[in-house]
K.L.:
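Dropping a structure here in structure tokens format, bear with me for questions.
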Amino acid sequence: MNTVAQQSISADNLAKQSSAHGAVLERLRGMLPAASVITDAAGLRPYETDGLTAIREMPWVVVLPETEAQVAEIVRCCAEHGVPIIPRGAGTGLSGGARPHQKGVVLGLSKMSAILEIDPENRIAKVQAGVRNLAITQAAQTHGLYYAPDPSSQIACSIGGNVAENAGGVHCLKYGLTVNNVLGARVVMASGEIVELGGVLYDNPGPDLLALICGSEGMLGIVTQVTVALLPEPETKAVLLAAFCEVVQAGNAVAAIISAGIIPAGMEMMDKMAVQAAEAFAKAGYPLDAEAILIIELDGAAAELATLNTQVTDILRAYGAYQVDEAHDATQQARLWKGRKSAFPAIGRLSPDYLCMDGTIPRKALPKVLTEIDTISQTFGLAVANVFHAADGNLHPLVLFDANVPGQTDHAMAMGAKILEACVAAGGTVTGEHGVGVEKLDTMCVQFSSEELQQFFRLKAAVDPTDLLNPGKGIPTLTRCGELGGMHVHKGRLPFPELERF
Ligand SMILES: Cc1cc2nc3c(=O)[nH]c(=O)nc-3n(C[C@H](O)[C@H](O)[C@H](O)COP(=O)(O)OP(=O)(O)OC[C@H]3O[C@@H](n4cnc5c(N)ncnc54)[C@H](O)[C@@H]3O)c2cc1C
């Protein structure tokens with residue numbers, strides 16, 4: 001699948017054509033070991049896409065610095081010569097945020113993977129940006145602590161990428177998104193200056209620039225180091241599996257549990273197609289006849305948990321669950337979660353390609369929007385599997401398609417856009433946790449007015465006046481929105497005029 005790939009310009013050819021690129025390449029080769037400046041096609045290939053594999057572009061050059069000082073020097077060099085920079089963590093992003101630029105430097109942070117400090121007294125960890133999410137919890141576990149935000153990609157994704165996307169996960173319902181669990185960050189700005197945002201406490205004077213960096217998708221600065229809050233492992237937890245004959249029943253049960261004042265540690269929903277795929281992949285013990293299942297984790301003190309467990313089970317039954325099972329031990333709990341956490345790769349076995357959408361809606365709109373997604377799926381003739389953070393209203397409809405069928409990638413993307421439009425119409429938003437990247441530029445035109453988009457541009461221009469940090473991502477141009485014709489008119493995917501000026 002290579003629908004918008006262009007011919008790669010070899011690094012040395014571009015360097016010959018452009019004196020700016022020549023000067024940058026020479027400086028990069030002078031400051032980093034040879035193996036950390038990648039210019040050959042085979043070495044560049046792994047960086048041509050992220051988790052949004054429908055969109056590819058060969059980078060001009062990839063650099064892999066090992067220190068913050070090197071990151072700052074790379075940024076200063078690119079700034080002097082007007083060459084764009086695309087920060088990259090582990091490349092698991094699903095919205096094309098790390099999509100390379102044909103004339104830009106991909107700045108990969110994977111070699112900055114040191115855990116600098118675990119401080120159990122203050123319950124914090126200081127880590128470099130390239131550290132994997134799960135590695136933080138693994139390092140903290142010996143102290144009975146863990147890092148709460150747990151994207152399903154946590155085995156691979158980096159904490160820097162989590163900050164840039166304001167990543168969520170199963171436990172974010174109770175413990176908050178990345179922004180709620182990050183205390184401080186060191187950031188290289190577009191000028192190459194290094195700033196320290198936040199600290200080790202929950203509040204700091206002045207405007208909350210740390211919160212601004214969370215979710216900024218590599219467009220406002222490059223995160224080199226992160227200080228995160230660690231939480232004590234809960235005294236005890238229970239994991240329940242509830243099976244329903246109708247998706248709508250499961251949606252109503254979710255709303256009823258939250259309305260009863262209960263905040264589970266996690267509450268996830270999967271529809272029949274997702275259940276069947278995950279079961280075949282992970283052997284989690286899911287009921288194959290269910291139209292929808294909920295996986296619910298409750299945590300806290302043992303005495304409190306017994307009461308909660310009964311309350312939740314009663315609600316599930318009252319809303320139509322025909323089966324409610326509790327995992328008997330930690331192994332079975334892990335098995336139930338394994339099915340959910342491997343649902344995306346499991347769906348990958350059903351179809352050559354899929355697009356993972358990421359709309360968020362008010363909880364009470366769940367049944368209505370799920371029905372609408374079904375209708376959109378029938379209209380477009382492409383299957384959809386639903387796996388999502390139900391209690392947050394954060395939907396992940398997976399649109400199944402085959403990129404080898406001419407036109408089907410665009411058709412799938414148009415269908416995905418329709419789903420996001422339905423989310424906005426229900427009072428929701430076009431992204432819950434995966435970011436805008438390039439994938440949702442068009443649907444941003446649906447959610448925001450031109451006045452609102454201009455505020456985003458003013459902010460970006462104030463921090464990165466020459467637009468060198470991850471240009472063309474996150475904020476659609478007003479021209480793009482104008483060409484799309486305003487609200488709720490999706491006319492197919494446009495090219496990326498935002499990138500042509502470099
Ligand atoms: C199977 C699967 C499951 C997933 N499940 C979830 C989930 O449950 N919740 C969730 O939120 N996401 C999920 N994701 C999406 C993805 O894992 C997250 O968005 C993650 O935060 C990306 O981290 P990364 O290191 O891979 O970043 P990348 O993909 O490399 O980059 C993502 C964006 O961040 C920027 N960036 C990366 N590092 C830095 C840095 N150090 N400084 C500045 N900008 C930077 C990039 O420019 C890009 O815009 C999933 C992805 C997959 C493939």
Side-chain angles (χ1 to χ4, degrees), residues 46-47 49-53 59 62 65 68 71 75 84-101 104-113 127-135 149-173 177-179 185-190 213-226 266 268 281 337 340-348 354-356 358 360 387-389 392 394 396 398 431-440 464 469-474:
Y47 298 90
T49 184
D50 57 7
L52 181 66
T53 52
V62 175
E68 182 183 73
V71 174
V75 172
I85 302 162
I86 295 81
R88 181 181 173 105
T92 65
L94 291 167
S95 56
R99 172 197 189 268
H101 190 292
V105 172
V106 170
L107 195 159
L109 291 126
S110 58
K111 289 195 173 178
M112 294 183 61
S113 57
V127 301
Q128 285 187 312
V131 166
R132 291 176 306 111
N133 172 297
L134 188 60
D150 55 346
S152 302
S153 53
Q154 67 181 153
I155 194 167
C157 64
S158 71
I159 187 70
N162 290 173
V163 170
E165 296 288 17
N166 191 17
V170 165
H171 289 112
C172 292
L173 171 63
L177 296 162
T178 302
V179 67
R186 289 177 64 87
V187 182
V188 175
M189 305 305 289
I213 284 291
C214 290
S216 63
E217 303 194 26
M219 298 186 297
L220 299 183
I222 298 173
V223 179
T224 55
Q225 187 181 309
V226 186
E268 302 283 302
F281 188 84
W337 278 127
R340 163 62 185 93
K341 294 214 170 191
S342 53
F344 289 5
I347 296 286
Y354 68 83
L355 278 181
C356 175
D358 170 41
T360 300
V387 185
F388 56 96
H389 310 308
D392 300 339
N394 182 197
H396 291 320
L398 304 172
T431 174
E433 55 184 19
H434 295 169
V436 175
V438 290
E439 181 210 13
K440 302 190 190 88
D464 176 18
L469 289 180
N470 218 3
K473 311 285 171 59

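Order of listing sets the numbers, starting from 1, for every ligand and every atom in it. Atom set for the values below is all heavy atoms of this structure, side chains included, hydrogens, waters and symmetry mates excluded.
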K.L.:
Examine the proximity of ligand 1 to Arg88 and report which part, side chain or backbone, both or neither, has a heavy atom under 4.0 Å away.
P.N.:
both

K.L.:
Looking at atom 40 (C) of ligand 1, what's its closest protein heavy atom, distance included?
P.N.:
Leu109 CD1, 3.7 Å

K.L.:
Out of all atoms in ligand 1, which are within 4.0 Å of some heavy atom of Ile222? Include the element for each.
P.N.:
42 (N), 43 (C)

K.L.:
Output the list of atoms in ligand 1 that are nearer than 4.0 Å to some heavy atom of Gly89, sorted by atom number.
P.N.:
25 (O), 28 (P), 30 (O), 37 (C), 38 (N)

K.L.:
Report the part of Lys473 in contact with ligand 1, treating N, CA, C, O as backbone and CB onward as side chain, heavy atoms under 4.0 Å; options are side chain, backbone, both, neither.
P.N.:
neither

K.L.:
Begin with the C-alpha distance, continue with both residues' side-chain angles, and end with the deciding distance and a verdict on salt bridge (charged side-chain N to carboxylate O under 4.0 Å, His left out) for Glu268 and Arg340.
P.N.:
CA-CA 8 Å; Glu268 302 283 302; Arg340 163 62 185 93; 2.7 Å; yes

K.L.:
Nearest to atom 34 (O) of ligand 1, what protein heavy atom do you find, and at what distance?
P.N.:
Ala164 CB, 3.2 Å

K.L.:
Using a 4.0 Å cutoff against the non-hydrogen atoms of Gly221, which atoms of ligand 1 qualify?
P.N.:
43 (C)

K.L.:
Considering only heavy atoms of Ala129, which atoms of ligand 1 have at least one such atom less than 4.0 Å away?
P.N.:
41 (N)

K.L.:
Tell me which donor-acceptor pairs under 3.5 Å the side chains of residues 156-165 have, and how far apart each pair is, sequence neighbours excluded?
P.N.:
from, atom 1, to, atom 2, distance (Å)
Ser158, OG, Gly161, N, 2.9
Asn162, OD1, Asn133, ND2, 3.0
Asn162, ND2, Ser158, O, 3.2

K.L.:
Atoms of ligand 1 less than 4.0 Å from Gly97 heavy atoms?
P.N.:
47 (O), 48 (C), 49 (O)

K.L.:
Could you identify the single nearest non-hydrogen protein atom to atom 22 (C) of ligand 1 and state the distance to 0.1 Å?
P.N.:
Thr92 OG1, 3.4 Å

K.L.:
Out of all atoms in ligand 1, which are within 4.0 Å of some heavy atom of Asn470? Include the element for each.
P.N.:
47 (O), 49 (O)

K.L.:
As an exercise, identify every atom of ligand 1 less than 4.0 angstrom from a heavy atom of Phe344.
P.N.:
1 (C), 2 (C), 3 (C)

K.L.:
With a cut-off of 4.0 Å, which atoms of ligand 1 are near a heavy atom of Val223?
P.N.:
40 (C), 41 (N), 42 (N), 43 (C)

